[in-house]
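Below you'll find the structure, written out as structure tokens, and then a few comments.
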Amino acid sequence: MAKLAEAADVQANFKQHCAACHGADRLGGLGPALLPDNLARLRKPEAEKVIREGRPATQMQGFGDKLSAEEIKALVDYVYTPILPAPAWGEKEIGASRIVYETQPLPDKPVFKADPLNLFVVVESGDHHVSVLDGDKLEPIHRFQSRFALHGGPKFTPDGRYVFFASRDGWITKYDLWNLKVVAEVRAGINTRNAAVSGDGKWVAVANYLPHSLVILDADLNLKKILPVADKDGKVSSRVSAVYDASPRQSFVAALKDVKEVWEVSYNPQADDIPAGMIHDYKYKEGAFVPGFLNPKRTQLDDYLDDFYFTQGYDEVMGASRNDAKSAVSGQVVNLDARKKIADLELPGMPHLGSGISWQWQGKTVMATPNLNEGLISIIDMKTWQTVKQIKTRGPGFFMRSHENSRYAWTDSMMSKEFKDTMQIIDKDKLEIVAELKPEPGKTFAHVEFTRDGKYVLASLWEMDGAIIVYDAATLREVKRLPMKKPVGKYNVWNKITKSEGTSH
Ligand code: DHE
């Protein structure tokens with residue numbers, strides 16, 4: 001009887017405190033899925049601490065003031081209990097979820113006068129909408145409802161016409177920016193991290209936490225292939241932390257959360273360069289067998305790599321594990337051709353390499369990355385892999401941005417309670433903070449993107465009654481405000497498709 005009452009309590013507590021973000025069925029939503037497989041690397045006492053105190057750098061708040069120690073322990077036991085039968089999201093489910101909104105080809109000409117290459121796409125998470133802005137007039141031209149909880153950068157086709165969004169609960173949306181219409185959607189996973197679009201615009205790769213898969217779709221969102229993600233012996237499966245396009249290599253590169261490997265999946269139909277001894281467990285089943293094409297090539301590592309940054313040539317990745325935030329030397333450089341680690345990186349705290357940017361400094365290329373749990377920007381020489389400088393900031397931040405035509409790099413301190421309202425401006429020559437902007441004291445101010453020509457900067461007042469605040473990139477003066485509902489991220493078509501060194505790819 002007592003056991004039954006306990007079970008009812010834990011379910012009621014889950015419903016009240018956890019379900020809104022993690023899904024009533026524990027399959028994830030804004031927050032990750034809470035299933036034993038996903039929690040494999042988190043010990044139970046650590047999980048209790050997360051529920052009690054929250055998790056830095058995420059939306060997970062602490063519940064220590066609302067739940068007793070026993071209630072927290074019961075919740076932990078509950079989320080470490082497997083769901084039976086295990087939730088499936090395979091060929092059948094993905095295929096059945098696909099929705100085509102536009103069955104006839106749409107006109108090959110923009111329906112507006114604005115420069116189609118200087119549009120901005122703004123993700124407003126406050127009410128789950130996306131706004132499209134004219135980057136010259138700095139005015140909205142359209143707004144539409146998105147899937148729930150989009151996350152990560154939307155990805156563009158090389159001509160800038162189509163943009164693909166990923167939601168945390170697995171939906172991929174294809175949007176035609178020239179016709180301002182959603183073309184098609186598909187649910188590629190139960191709990192998804194991000195998506196990448198191939199440099200030839202033909203493929204979309206989707207990184208999933210649940211199931212443990214990397215899903216390859218064609219550009220019309222038809223399922224092409226599901227790559228189950230596991231170590232080379234097929235014994236340990238893994239969540240995929242993120243997938244990115246490496247267009248000069250004609251491949252997708254994926255970071256794995258639970259297996260010490262980095263994967264490269266070629267989308268070059270001519271790929272036939274599998275070195276001897278390479279394990280290729282997945283065969284291309286249609287027509288002629290083409291080795292290498294859409295098959296993962298593995299690089300074995302000594303440490304996990306779950307967040308990374310490409311070098312200019314895309315031959316190397318600078319990566320870090322998110323698991324060992326205390327280690328001083330936690331980063332590594334992996335050469336994708338040599339298929340091994342070639343250097344260590346000094347990256348204290350929890351670097352957010354996905355937000356890294358690069359520029360020329362004293363004849364060298366340097367990259368800079370913010371840090372999710374320390375107010376620190378690490379600047380690294382991309383030839384010697386040495387840290388050139390660590391710039392102290394007001395507090396831990398998420399994002400960093402610049403532009404080829406700007407002498408400044410912008411960074412936030414949004415993880416700091418006291419300084420979440422302050423943006424700091426770094427002089428890229430002096431490697432020093434030279435200005436601070438605090439337009440609305442107490443309100444979160446983070447994430448910027450430059451216009452195509454680098455003359456203006458669009459920054460987010462990250463609140464429900466928020467705004468995009470436009471600044472003159474040279475004088476740092478406010479130019480105008482566009483009201484928005486919690487505008488989390490904004491993306492300029494030109495900067496993205498030309499892979500500007502000042503923005504994320
Ligand atoms: Fe993100 C990008 C991982 C939490 C807003 N975030 C990314 C990317 C990764 C990532 C791997 C790159 C994907 C891409 O562009 O293709 N994010 C993580 C985490 O591991 C973390 C810390 C924990 C988690 O909950 O997943 C995390 N991220 C958040 C948030 O809490 C943020 C602030 C609010 C939200 O909406 O979830 C957030 N992440 C963003 C944004 C980008 C992003 C706005 C795109 C950045 C860009 O400019 O390209």
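Every heavy atom of this structure was used, including side-chain atoms; hydrogens, water molecules and symmetry mates were not. This one's a predicted model, so the numbers in the text were calculated from it and none came from an experiment.
Between E264 and S251, the side chains place a donor N or O and an acceptor N or O closer than 3.5 Å (distance only, hydrogens not considered). In the model, D176 has a side-chain atom that pairs as donor or acceptor with a side-chain atom of N179 under 3.5 Å. Side-chain polar atoms of N268 and S266 form no donor-acceptor pair below 3.5 angstrom. Side-chain contact of Q312 with T365: a donor-acceptor pair under 3.5 Å is absent, judged by distance alone. For the residue pair E346 and S378, no side-chain donor N or O sits within less than 3.5 Å of a side-chain acceptor on the partner. No side-chain donor from either of E261 and T299 sits under 3.5 Å from a side-chain acceptor of the other.
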| task | Output, in order, the C-alpha distance, side-chain angles, deciding distance and verdict of side chain to side chain contact (heavy atoms under 4.5 Å, CB included) for L138 and L458. | result | CA-CA 9 Å; L138 296 166; L458 280 65; 3.9 Å; yes
| task | Decide ring-ring contact (aromatic ring centres under 6.0 Å, His included) for F144 and Y175; before the verdict, give the C-alpha distance in whole Å, the side-chain angles of both, and the deciding distance to 0.1 Å. | result | CA-CA 10 Å; F144 63 96; Y175 187 78; 4.0 Å; yes
| task | Test side chain to side chain contact (heavy atoms under 4.5 Å, CB included) on I379 and W361 and set out the steps. | result | CA-CA 10 Å; I379 315 253; W361 179 76; over 6 Å; no
| message | Applying side chain to side chain contact (heavy atoms under 4.5 Å, CB included) to I391 and E432, what does each step give before you reach the verdict? | response | CA-CA 7 Å; I391 303 176; E432 275 169 18; over 6 Å; no
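One N or O on the side chain of S460 and one on the backbone of P487 form a donor-acceptor pair closer than 3.5 Å. The closest donor-acceptor contact from the side chain of N371 to the backbone of N373 lies under 3.5 Å. Counting only distance, with no hydrogens or angles, the side chain of N191 and the backbone of Y209 share no donor-acceptor pair below 3.5 Å. Remark: the backbone N or O of K486 is not paired with any side-chain donor or acceptor of W462 at under 3.5 angstrom. N194 places no side-chain N or O within 3.5 Å of a backbone atom of G152 that could act as its donor or acceptor partner.
Put simply, the side chain of V197 does not reach to within 4.5 Å of the side chain of D245, judged on heavy atoms. Taking 4.5 Å as the limit, some side-chain heavy atom of W359 sits within range of a side-chain heavy atom of V366. The shortest distance between side-chain heavy atoms of M60 and H22 falls below 4.5 Å. Counting heavy atoms from C-beta outward, L119 and I141 have side chains that approach closer than 4.5 Å. Put simply, the side chain of N495 reaches to within 4.5 Å of the side chain of H403, judged on heavy atoms. At a threshold of 4.5 Å between non-hydrogen side-chain atoms, the residues D115 and R452 count as touching. Under the 4.5 Å side-chain criterion, counting only non-hydrogen atoms from C-beta, F252 is not in contact with L214. Considering only heavy atoms from C-beta on, F164 comes within 4.5 Å of T157 through its side chain.
Residue L305 holds its CG atom at 8.5 Å from CG of L256, rounded to the nearest 0.5 Å. Note that CH2 of W385 is 7.0 Å distant from CG of L345, once rounded to the nearest 0.5 Å. Separation of atoms CG (N492) and CD (E449) is listed at 5.5 Å; rounding is to 0.5 Å. Taken from CD1 in I172 to CG in L150, the straight-line distance is 9.5 Å, to the nearest 0.5 Å. In this structure, D307 CG and H352 NE2 are separated by 5.5 Å, a value rounded to the nearest 0.5 Å. To the nearest 0.5 Å, the span separating CG on L217 from OG on S198 amounts to 11.0 Å.
Counting heavy atoms of neighbouring residues, nucleotides and ligands inside a 6.0 Å radius, atom NZ of K499 exceeds 12 of them. The local environment of NZ in K389 is crowded, with over 12 non-hydrogen atoms from other residues, nucleotides or ligands closer than 6.0 Å. Around the NZ atom of K480, the shell of radius 6.0 Å holds more than 12 heavy atoms that belong to other residues, nucleotides or ligands. For K455, the NZ atom sits in a loose shell: 12 or fewer heavy atoms of surrounding residues, nucleotides or ligands are nearer than 6.0 Å.
Salt-bridge formation is detected for the pair D108/R161: a Lys NZ or Arg NE/NH1/NH2 atom is positioned less than 4.0 Å from an Asp or Glu carboxylate oxygen. We find that R193 and D306 are not joined by a salt bridge, their nearest charged nitrogen and carboxylate oxygen being 4.0 Å or further apart.
Every residue meeting the side-chain contact (heavy atoms from CB on, under 4.5 Å) condition with D169, not counting sequence neighbours, appears here in chain and number order: S167, W171, R187. The side-chain contact (heavy atoms from CB on, under 4.5 Å) check on N335 picks up E316, D337, A338, I342, with sequence neighbours excluded. A search for salt bridge (Lys or Arg N to Asp or Glu O under 4.0 Å) contacts involving E53 returns nothing, not counting sequence neighbours. Remark: D453 pairs with T451 by the side chain to side chain donor-acceptor pair (under 3.5 Å) rule, at least two apart or across chains. With sequence neighbours left out, the side chain to side chain donor-acceptor pair (under 3.5 Å) criterion links D302 to no other residue. Checked against side-chain contact (heavy atoms from CB on, under 4.5 Å), S504 has the following partners two or more places apart in sequence or in another chain: R401, K496. In this structure H505 satisfies the side chain to side chain donor-acceptor pair (under 3.5 Å) test together with Y314, sequence neighbours excluded. When the side chain to side chain donor-acceptor pair (under 3.5 Å) test is applied to K49, no partner is found at least two apart in sequence or on another chain. Every salt bridge (Lys or Arg N to Asp or Glu O under 4.0 Å) that R147 has, sequence neighbours left out, goes to E185. Listed by chain and number, the residues in a salt bridge (Lys or Arg N to Asp or Glu O under 4.0 Å) with D472 amount to none (sequence neighbours excluded). In terms of the salt bridge (Lys or Arg N to Asp or Glu O under 4.0 Å) criterion, residue partners of E440 (sequence neighbours excluded) are, by chain and number, R481.
Geometrically, K490 does not engage F120 in a cation-pi contact defined by less than 6.0 Å to the ring centre and at most 45° from the axis. Cation-pi geometry between K260 and Y304 is met: under 6.0 angstrom from the ring centre, within 45 degrees of the axis.
With respect to Y471, the ring-ring contact (aromatic ring centres under 6.0 Å, His included) criterion is satisfied by exactly one of F450, W410, Y408: W410.
Heavy atoms only, all atoms of each residue included: T393 and I377 are closest at CG2-CG1, 3.6 Å. Closest non-hydrogen pair, M484 versus L133, comes out as CE-CD2, 3.8 Å. Taking every heavy atom of both residues into account, G201 and A219 meet most closely at O-CB, 3.4 Å. Among all heavy-atom pairs drawn from G331 and L347, the shortest one is CA-CD1, 4.0 Å.
For residues 354-366, there are no salt bridge (charged side-chain N to carboxylate O under 4.0 Å, His left out) pairs, not counting sequence neighbours.
Between F308 and Y244, the two ring planes are perpendicular [angle over 60°; tilted spans 30° to 60°].
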